[in-house]
Amino acid sequence: MTYEHILVREAGAVCWITLNRPKANALSLALMQELGHAVEVADTAPQVRAIVLYGGEGKFFSAGADLPTLQPTLKDPTVEGSFISEGLKTVNRLAACTTPTLAVVNGVALGGGCELCLACHLRIAADTAHFGQPEIRLGLVPGWGGVHRLPRLIGEAHAYEWLLTGNTYSAAHAHAVGLLQMVVAADTLTARAQELAEQLAAQPRVATQALLTALQKRAIEPAQGPALEKQAFETAARSEDAQEGLAAFIEKRPPVFSGQ
């Protein structure tokens, strides 16, 4: 498929998906559909072991929804194929990946742009980046995960503040409250992101997929946590890579994982 609003490239086992809708990477229906397709392809590709979602080299990761696209769908946001429903499908597909995902935030990430970051497993940002959920200032409420993912990541108290004020916060603050794993100098962002993505890609595939599946299901059904953990452990323990990992440890050598 040829994409108009995103760029896709593979660097080793890492697939980089870059938002490419200058100048603010505003999220349109077409962009979200393209992104959903690219995520699906990358998550099911055997050669891809980590997925990076990047905003490019401009001042914006994404300024959020393209408001002219959003406005016509407000009266009935559940209509199949509408901007809001298609965007929700894309964000949820990103959150459901069993390939590790990394949001690489170069600049401003607001509204739906911030929610794309929340849907990824890990997040790294330039020290010039900013985050926020300003929907309340438009008479709206976040609809792509801000209400349920943000509190899980930064805690109830901080999430209430972010959601009720609609304020914008620095990368340093986002790191301090737990949204980000890492804040780096802007000129080192892509190199550091590739290093982290390669580390994720090098992990044994069966264990990684079992772990992510358990974590995702546990977020929906916390009471099932022990049973999900047991299932994930058993799946990983039966893999060839588990045997290789233990053998390598005993033999004091680096493991050579096959993905089986």
Side-chain angles (χ1 to χ4, degrees), residues 1-64 66 86-87 89-109 112-129 144 171 180-205 208-209 212 257-259:
M1 179 175 177
T2 301
Y3 299 119
E4 181 180 357
H5 301 300
I6 62 173
L7 304 173
V8 179
R9 68 178 178 89
E10 292 183 15
V14 180
C15 179
W16 283 72
I17 302 175
T18 302
L19 305 180
N20 185 39
R21 192 166 185 253
K23 61 181 179 176
N25 284 334
L27 304 176
S28 65
L29 174 60
L31 187 154
M32 295 304 284
Q33 289 174 328
E34 290 181 4
L35 179 58
H37 182 270
V39 168
E40 175 71 24
V41 170
D43 191 35
T44 55
Q47 77 278 11
V48 174
R49 304 294 295 276
I51 300 169
V52 169
L53 181 61
Y54 180 42
E57 298 181 357
K59 294 182 179 179
F60 290 86
F61 174 84
S62 171
D66 184 348
E86 288 297 307
K89 286 181 185 178
T90 294
V91 174
N92 286 344
R93 181 62 186 88
L94 179 62
C97 282
T98 56
T99 304
T101 56
L102 173 64
V104 178
V105 188
N106 50 293
V108 177
C114 187
E115 288 171 304
L116 285 175
C117 299
L118 302 180
C120 291
H121 300 129
L122 299 175
R123 289 153 294 279
I124 177 175
D127 52 11
T128 52
W144 291 348
L180 300 173
Q181 277 72 37
M182 195 182 306
V183 178
V184 302
D187 60 357
T188 68
L189 178 63
T190 55
R192 296 291 296 276
Q194 180 68 21
E195 290 175 4
L196 179 53
E198 288 176 356
Q199 181 181 357
L200 298 174
Q203 305 299 347
R205 192 180 193 100
T208 297
Q209 290 179 333
L212 289 175
F257 295 124
S258 66

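Numbers here simply count residues along the sequence, with the first being 1.
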Which pairs of donor and acceptor atoms, one on a side chain in residues 54-62, lie under 3.5 Å apart (sequence neighbours left out)?
residue	atom	partner	partner atom	Å
Y54	OH	G56	O	3.0
S62	OG	N25	O	2.8
S62	OG	G64	N	3.1

Please list, one pair per line, the donor and acceptor atoms closer than 3.5 Å that link side chains of residues 115-124 to other protein atoms, with sequence neighbours excluded.
residue	atom	partner	partner atom	Å
E115	OE2	W144	N	2.9
E115	OE2	G145	N	3.2
E115	OE2	G146	N	2.8
H121	ND1	T101	N	2.9
H121	ND1	T101	OG1	3.1
H121	NE2	C97	O	3.4
H121	NE2	Q216	NE2	3.4
R123	NE	L179	O	2.7
R123	NH1	C117	O	3.1
R123	NH1	C120	O	2.6

According to the salt bridge (charged side-chain N to carboxylate O under 4.0 Å, His left out) rule, which pairs have a member within residues 7-19, sequence neighbours left out? none
Roughly how far, to the nearest 0.5 Å, is the CZ atom of R21 from the CD1 atom of I6? 13.0 Å
Gap separating the CG atom of N20 from the CG atom of L7, nearest 0.5 angstrom: 4.0 Å
By side-chain contact (heavy atoms from CB on, under 4.5 Å) - contacts of E4 (at least two apart): E34
Sequence neighbours left out, what passes salt bridge (charged side-chain N to carboxylate O under 4.0 Å, His left out) with R49? Give chain and number order. none
Ring pair (Phe, Tyr, Trp, His ring centres under 6.0 Å) contacts in which one or both residues fall within residues 18-39, not counting sequence neighbours: Y3-H37
side-chain contact (heavy atoms from CB on, under 4.5 Å) partners of A30, counting only residues at least two apart: H5, S28
Determine whether I17 and C15 make a side-chain contact, defined as any pair of heavy atoms from C-beta on separated by less than 4.5 Å. yes
Please identify each residue that fulfils side-chain contact (heavy atoms from CB on, under 4.5 Å) with E86, with sequence neighbours left out. L29, Q33, E80, K89
Distance-only criterion, 3.5 Å: show the donor-acceptor pairs between side-chain atoms of residues 191-200 and protein atoms not counting sequence neighbours.
residue	atom	partner	partner atom	Å
Q194	OE1	W16	NE1	2.6
Q194	NE2	A11	O	3.4
Q194	NE2	E198	OE2	2.9

Using the test salt bridge (charged side-chain N to carboxylate O under 4.0 Å, His left out), find all partners of R93 that sit at least two apart in sequence or belong to another chain. E40, D43
Considering residues at least two apart in sequence or located in another chain, which fulfil the side chain to side chain donor-acceptor pair (under 3.5 Å) criterion with D127? none
Pairwise side-chain contact, V39 with L53, heavy-atom cut-off 4.5 Å (strictly under): no
For T188, check side chain to side chain donor-acceptor pair (under 3.5 Å) against everything at least two apart and list the hits. none
